[in-house]
Every structure is written in structure tokens, then in C-alpha cells.
Asks: 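First the structure, which I've put down as C-alpha cells, then a few questions once you've had a look.
Predicted model only: the values in this text are computed from it and were never measured. Note that these values count all heavy atoms, side chains included, but never hydrogens, waters or copies made by symmetry.
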Amino acid sequence: MANNISSSFCFYSICIIYFSLLFTSTHSKCRTSCGEIPINYPFGIDDGCGSPYYRHILVCSETGGSARLEIRTPSGRYPIRNVSYSDPHLLVSDPYMWTCRDGDDFRPVSRPFSLDTSTHFRLSPQNDYLFFNCSRDDVIMEARPVFCDRFPEQCDSTCDTSSFLCRHLPECDSSVLSGRSCCSYYPKRSESLRMMLKHCATYASVYWRNLGITPAFNQIPEYGIRVDFDIPVTTRCLWCEDGRKGGGTCGFDTQTQDFLCLCGKANSTTNCKDHNGDHSRPAVVAGTVSAVTVTGAFVGAGVWYVRKLRSKAPVTHGVQTNDNRLF
């Protein structure tokens with residue numbers, strides 16, 4: 001009898017603790033930072049926060065007692081070094097690409113960085129891609145100014161050997177590429193980048209960081225991948241965040257993905273001071289794993305897989321082939 005009472009007491013205690021934690025986490029506000037990186041609209045690292053356009057894309061993981069912000073892409077998860085909201089972009093690191101610290105170690109890259117084209121992310125035109133030790137039999141490697149004058153129709157397909165960055169690599173001295181080839185090319189699509197790496201030893205991405213000064217020459221090259229993003233601004237979100245209307249947080253219903261103004265104790269479809277717009281269904285799940293989250297992850301993976309199967313035609317910009325020449 002005593003054992004039954006003890007077992008029942010333990011069972012009910014566990015249930016009370018579980019539902020208390022669930023209730024608390026469900027109604028907790030969205031986290032506003034991951035480590036030292038601020039998390040503002042349109043992003044969210046808790047389901048139901050931010051814009052549904054960026055749902056399940058950013059991840060805040062704990063490693064060694066410190067938080068690290070990462071981006072999910074079809075090619076893997078990559079650390080984010082910085083997020084700018086005034087000039088909307090992320091700065092992403094690809095740990096597999098070459099930098100000057102690698103020296104002579106031109107290790108091959110099996111899965112170069114890529115983006116899901118169905119998202120509101122896009123590779124910035126401020127990125128420059130450098131390719132090393134490419135095969136001259138397969139890649140058009142020429143000094144672009146001269147080559148483009150002679151063959152203007154093939155200009156976009158040329159990997160430029162006269163690139164400024166090949167002669168002035170960030171953090172490198174002039175001898176690091178002694179006896180090795182380097183050329184600059186901007187891939188139009190991820191498939192084009194993969195095609196280039198079939199015929200080149202490795203690659204590096206360099207973006208031009210704005211120093212915030214004027215006039216000219218206010219940018220310096222640094223290793224990394226700049227990813228631009230859109231900020232979908234709606235009237236409802238502006239009203240929700242208005243301090244005179246309660247200063248809520250823009251979010252969405254995790255089941256319908258309809259807009260919600262997250263107000264701490266209760267959510268609203270308009271703003272935190274509009275009690276007629278109260279929404280009883282929990283919208284934010286912070287620090288818990290829900291079925292919706294898992295389903296969303298599988299759906300996202302399925303979309304990437306279908307897109308991969310559909311893109312069967314190779315993109316050969318920058319690569320010379322006789323089977324499918326696009327230049």
C-alpha cells in the first residue's frame with residue numbers, strides 16, 4: 001500500500017513539474033540574443049518568434065558553455081559571425097573553405113556552401129570567390145580584361161587570373177601562392193560552384209567589409225560569406241511593436257503561421273492593448289521540442305531533397321565541357 005502511494009505521489013509530482021515547465025516555456029518571451037549576436041525581427045530562434053519566412057533556419061546551440069548562432073542550409077549548418085539589421089545581411093563562416101592560415105593545405109571541399117533558393121536569403125554580390133589549382137583543360141582561366149575584349153560572348157564564363165584578390169589575399173604574404181594558380185569567378189548558382197570544385201583543388205570566399213567611412217576605399221576584404229536577407233515589414237508588426245500599444249513582439253501561430261503579437265502573458269492578433277484580439281492558443285515554444293518543430297524540420301528537408309532531384313541539368317558556367325556548353 002505504501003509503495004502504491006509513493007508511486008502515485010512520484011507520478012503526480014512529475015506531471016506537475018512537466019506541465020509547469022511546459023506552461024512557463026510556452027508563454028516565455030522570445031530570446032533576443034544568441035551569445036553576443038542580437039536576435040531581432042524578422043529572425044527568431046524560438047518557434048513562433050519573428051517571421052515565418054525564416055522559421056527553423058537559425059539555430060542557437062550551446063557548445064562548451066557558450067552559445068553559437070548557426071544557419072541551416074541544404075549543405076549543412078554553418079556558424080554566423082555577425083548579423084546586421086541596418087544593412088540586412090549575415091556574415092557566415094564556411095570552416096571547410098581555404099584561408100591563408102591553411103598555407104599549403106589545399107584540402108578538397110566535398111560540400112561547398114549553398115542556399116535554399118526558396119528562402120528569402122541570397123548570396124551577396126559583394127562576395128568574391130577564389131579558386132585554386134584549377135585544371136586549365138576544364139576551366140577557362142584567363143585575364144578577364146584581355147579575354148573579354150577578344151571573346152565578349154564568353155566573358156561571364158571566365159575565371160579571372162588577373163584578379164586583385166589573387167595578388168592581394170587577405171592575411172597573406174606574397175609567397176603563399178608560389179607556383180600555384182588562382183582565379184576569381186562568381187558562380188551564378190550553387191551547382192556552378194560544385195562544378196568548379198570538380199576541377200579545382202579548393203576555394204575561398206572573400207567579402208568586402210564596409211568600414212563605415214567616406215569617401216572612396218572604405219571597404220576591406222575579409223574571409224567569409226555575406227548572405228543578404230529581406231525584412232518583411234507589415235503594418236500589423238509595426239503596431240505590435242509600438243510602445244504606445246503595449247510594445248509586443250512580432251511572431252506567428254505555430255500551427256497556422258498567421259501573424260501574432262506576442263505579449264508575454266497572452267498573445268493577440270493585433271497589439272498587446274487590444275484585448276478583443278486575444279489569442280488563447282500558445283504561439284511561442286522556447287526551450288522545448290514540439291511535434292510542429294520536428295515536422296517542420298522534416299518538411300524542410302523534404303523540400304531541399306525534391307529541389308535537388310529536380311535540378312538535374314548541370315550548370316557549366318566557368319567549366320568547359322562539350323556535353324552541355326552554356327557559353
Asks: Would you find a donor on one side and an acceptor on the other, under 3.5 Å apart, between the side chain of Asp47 and the backbone of Thr254?
Replies: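 Side chain of Asp47 to backbone of Thr254, a donor-acceptor pair under 3.5 Å: no, none is there.
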Asks: Less than 2.5 angstrom apart at the SG atoms, yes or no, for Cys240 and Cys272?
Replies: no
Asks: Under a 4.5 Å cut-off applied to non-hydrogen side-chain atoms, are Val92 and Phe121 in contact?
Replies: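 No; the side chains remain at least 4.5 Å from each other.
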Asks: Just do the salt bridge (charged side-chain N to carboxylate O under 4.0 Å, His left out) check on Arg226 and Asp128 with the steps written out, would you?
Replies: CA-CA 10 Å; Arg226 173 173 164 144; Asp128 278 311; over 6 Å; no
Asks: Would the SG atoms of Cys250 and Cys261 measure under 2.5 Å apart?
Replies: no
Asks: ring-ring contact (aromatic ring centres under 6.0 Å, His included): which pairs involve residues 74-96, sequence neighbours left out?
Replies: Tyr78-Phe113
Asks: Mind checking whether Val139 and Cys200 have side chains closer than 4.5 Å, heavy atoms only?
Replies: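 Sidechains of Cys200 and Val139: in contact.
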Asks: For the side chain of Tyr223 and the backbone of Pro170, is there at least one donor-acceptor N/O pair under 3.5 Å apart?
Replies: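 Yes, because the side chain of Tyr223 sits within donor-acceptor range (under 3.5 Å) of the backbone of Pro170.
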Asks: Check whether any side-chain heavy atom of Pro112 lies under 4.5 Å from a side-chain heavy atom of Met97, and answer yes or no.
Replies: no
Asks: Looking at Cys30 and Cys49, is the distance between their SG atoms under 2.5 Å?
Replies: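 A disulfide, yes.
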Asks: Assess whether disulfide (SG to SG under 2.5 Å) is satisfied between Cys182 and Cys166, documenting all intermediate values.
Replies: CA-CA 6 Å; Cys182 171; Cys166 282; 2.1 Å; yes
Asks: Should Lys245 and Asp274 count as an ion pair when the cut-off is N to O under 4.0 Å?
Replies: no
Asks: If you measure from the SG of Cys134 to the SG of Cys183, is it under 2.5 Å?
Replies: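 Cys134 does not pair with Cys183 as a disulfide (SG atoms not under 2.5 Å apart), so no.
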Asks: Please check if any side-chain donor atom of Ser75 sits under 3.5 Å from a side-chain acceptor atom of Thr73, or the reverse.
Replies: yes
